[in-house]
Number of protein chains: 2
Amino acid sequence: MDEQNSTLGDVKDYLLQKKINPSYQRLKILEYLMNSQSHPTVDIIYRTLFEEIPTLSKTTIYNTLNLFIEKGLITGLTIEENEVRYDANTAPHAHFKCTMCGKVFDIPIDFPPQVGTTVYGHIVKEKHFYMKGICKDCTGRPA
Amino acid sequence: MDEQNSTLGDVKDYLLQKKINPSYQRLKILEYLMNSQSHPTVDIIYRTLFEEIPTLSKTTIYNTLNLFIEKGLITGLTIEENEVRYDANTAPHAHFKCTMCGKVFDIPIDFPPQVGTTVYGHIVKEKHFYMKGICKDCTGRPA
DNA sequence: TTCTCTGCAAACGCTTTGCACGGAT
DNA sequence: ATCCGTGCAAAGCGTTTGCAGAGAA
């Protein structure tokens, strides 16, 4: 399970393999995404990396994330209408968002229809499954 | 299958039963939602009803939809990050959005986990499943 | 009169765009 | 010298908020 902690070197190789120029900002953003389980928003990425890169701008984060999505390295999650979250986990899985603490968990379940098949005549290219509720850390906690 | 065409009278009774004052705007908005299969955005609702109610404002539509969501009459769908769509179908079902024509179809499938149960220790309160791809009307059509 | 609904206008917050500076080759 | 990445500032766009006028009871 040590793909959970990629080094900067690993990330650099990965970017090169995907034909993306591995600038410092891109390295740090992808490293953060790959090592965090938190499905961060742009704002969380910004606030975290800003401590280390005080010149970082949100524009660069948007540019970079959109580039990564375009190249298929990450996917954007739309759980709440006004915030996009980003996920570097490429295996099919579902998400669970806790309405109390706001955390988003990966849920390793999958089910038909599979991408590439058809449902009721429609060709499936992407599928997204997410749930909301109270996570196990917040169960029993006062509102 | 004639719940697909509710009359204004039906809609009025429904609002009264839910303890919502049945103003003309509210009646028309709910009637439109209940009779359309298209999961409209605010903009679509606005442009459609504006023809009949030229004084209608988007603010009223937002007010009304948020009231309906609060009272549990409808749900908001977040498929694309920058647009909320609204659905008056309260049975559990999935959605399919065509990336060519933009239409959203109801897909009558459902699967575990059910609302009220737990997954990996988390209590499920809501679940959402949607797919994207090419709908059967657009299959084979040139891009 | 009192309370609620409506709708204009302005504010808001996230994301994108325009553009110029700077670093790398 | 050229190209590409970065990041400031402004624009864009869907949604919410403030508030005043209209309508119902």
Side-chain angles (χ1 to χ4, degrees), chain A residues 8 11-12 15-16 18-32 39-71 73-86 97 102 104, chain B residues 11-12 15-16 18-33 39-71 73-86 97 102 104:
Chain A
L8 264 194
V11 176
K12 183 170 178 180
L15 282 178
L16 287 170
K18 295 282 186 173
K19 315 259 187 227
I20 297 174
N21 187 351
S23 76
Y24 183 62
Q25 284 86 340
R26 288 174 180 171
L27 281 172
K28 296 300 286 184
I29 292 171
L30 185 54
E31 182 199 37
Y32 181 69
H39 309 79
T41 61
V42 165
D43 200 59
I44 293 170
I45 299 170
Y46 176 72
R47 290 209 303 265
T48 307
L49 295 182
F50 186 81
E51 294 176 16
E52 213 175 324
I53 316 170
T55 60
L56 186 65
S57 84
K58 280 198 183 179
T59 304
T60 297
I61 299 177
Y62 281 110
N63 288 340
T64 301
L65 294 172
N66 289 335
L67 176 71
F68 288 170
I69 290 177
E70 225 171 79
K71 301 282 187 174
L73 279 70
I74 65 173
T75 53
L77 305 181
T78 304
I79 296 183
E80 236 48 79
E81 63 273 11
N82 52 358
E83 58 174 28
V84 182
R85 289 166 175 272
Y86 297 89
K97 176 167 181 172
V104 176
Chain B
V11 176
K12 183 170 179 179
L15 282 179
L16 286 171
K18 295 283 184 172
K19 315 256 187 231
I20 297 174
N21 186 354
S23 75
Y24 183 63
Q25 285 86 340
R26 290 174 179 170
L27 282 172
K28 296 299 288 184
I29 292 171
L30 186 54
E31 181 198 35
Y32 180 70
L33 277 176
H39 307 80
T41 62
V42 165
D43 199 59
I44 294 171
I45 299 170
Y46 176 71
R47 291 208 303 264
T48 307
L49 294 182
F50 186 81
E51 293 175 18
E52 213 175 324
I53 315 169
T55 60
L56 186 65
S57 85
K58 281 197 183 180
T59 303
T60 298
I61 298 177
Y62 281 111
N63 288 341
T64 302
L65 293 173
N66 288 336
L67 176 71
F68 289 170
I69 289 177
E70 224 173 80
K71 301 280 187 176
L73 279 69
I74 64 174
T75 53
L77 305 181
T78 305
I79 296 183
E80 236 47 78
E81 63 274 10
N82 52 359
E83 56 174 30
V84 182
R85 288 166 177 273
Y86 298 89
K97 174 167 182 174
V104 176

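By convention in this document, chain letters (A, B, ...) are assigned in the order of the sequence lines, proteins followed by strands, and residues within each chain are numbered from 1.
Minimum heavy-atom separation, A:V104 to A:H39: O-ND1, 3.2 Å. Considering every non-hydrogen atom in both B:R85 and B:G102, the closest pair reads NH2-O, 3.6 Å. In plain terms, the two heavy atoms of B:P40 and B:L33 that are nearest each other are CG-CD2, 3.8 Å.
Evaluation of the side-chain contact (heavy atoms from CB on, under 4.5 Å) rule for A:E31 yields A:L8, A:V11, A:K28, A:N35 as partners, not counting sequence neighbours. For A:F68, the ring pair (Phe, Tyr, Trp, His ring centres under 6.0 Å) test picks out no residue, with sequence neighbours left out. Applying the side-chain contact (heavy atoms from CB on, under 4.5 Å) rule to A:V42 yields the partners A:K58, A:I61, A:Y62, A:L65, A:Y86; only residues at least two apart in sequence or on another chain are considered.
Residue B:T41 is classed as having no contact, given no heavy-atom separation below 4.0 Å to the nucleic acid.
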How does each nucleotide of nucleotides 15-25 of chain D score, in 5' to 3' order, for protein heavy atoms under 4.0 Å: base (B), sugar-phosphate only (S), or none (-)?
BBB--------

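To the nearest 0.5 angstrom, B:N82 atom CG is 8.5 Å from A:T78 atom OG1. Rounding to the nearest 0.5 angstrom, the gap separating the OH atom in B:Y24 from the CD1 atom in B:I53 is 4.5 Å. One finds the CD1 atom of A:I45 at 9.5 Å from the OG1 atom of A:T64 (value rounded to the nearest 0.5 Å). Here the CG-OG1 distance, from A:L67 to A:T60, works out to 12.0 Å after rounding to the nearest 0.5 Å.
To the nearest angstrom, P of D:dT6 lies 11 Å from CD1 of A:I61. We find that CD1 of A:I20 is positioned 13 Å from C1' of D:dG5, with the value rounded to whole Å.
Listed pair A:S23 / D:dC4 fails the phosphate criterion, with no side-chain N or O lying under 4.0 Å from OP1 or OP2.
Bounding nucleotides for the chain B contact on DNA chain C, 5' to 3', at a heavy-atom distance below 4.0 Å, are C:dC5 to C:dA9.
Summary of helix geometry: the two end axes of the helix from C:dT1-D:dA25 to C:dT25-D:dA1, each defined by five base pairs via their C1' atoms, are inclined to each other by 0° (rounded to 10°).
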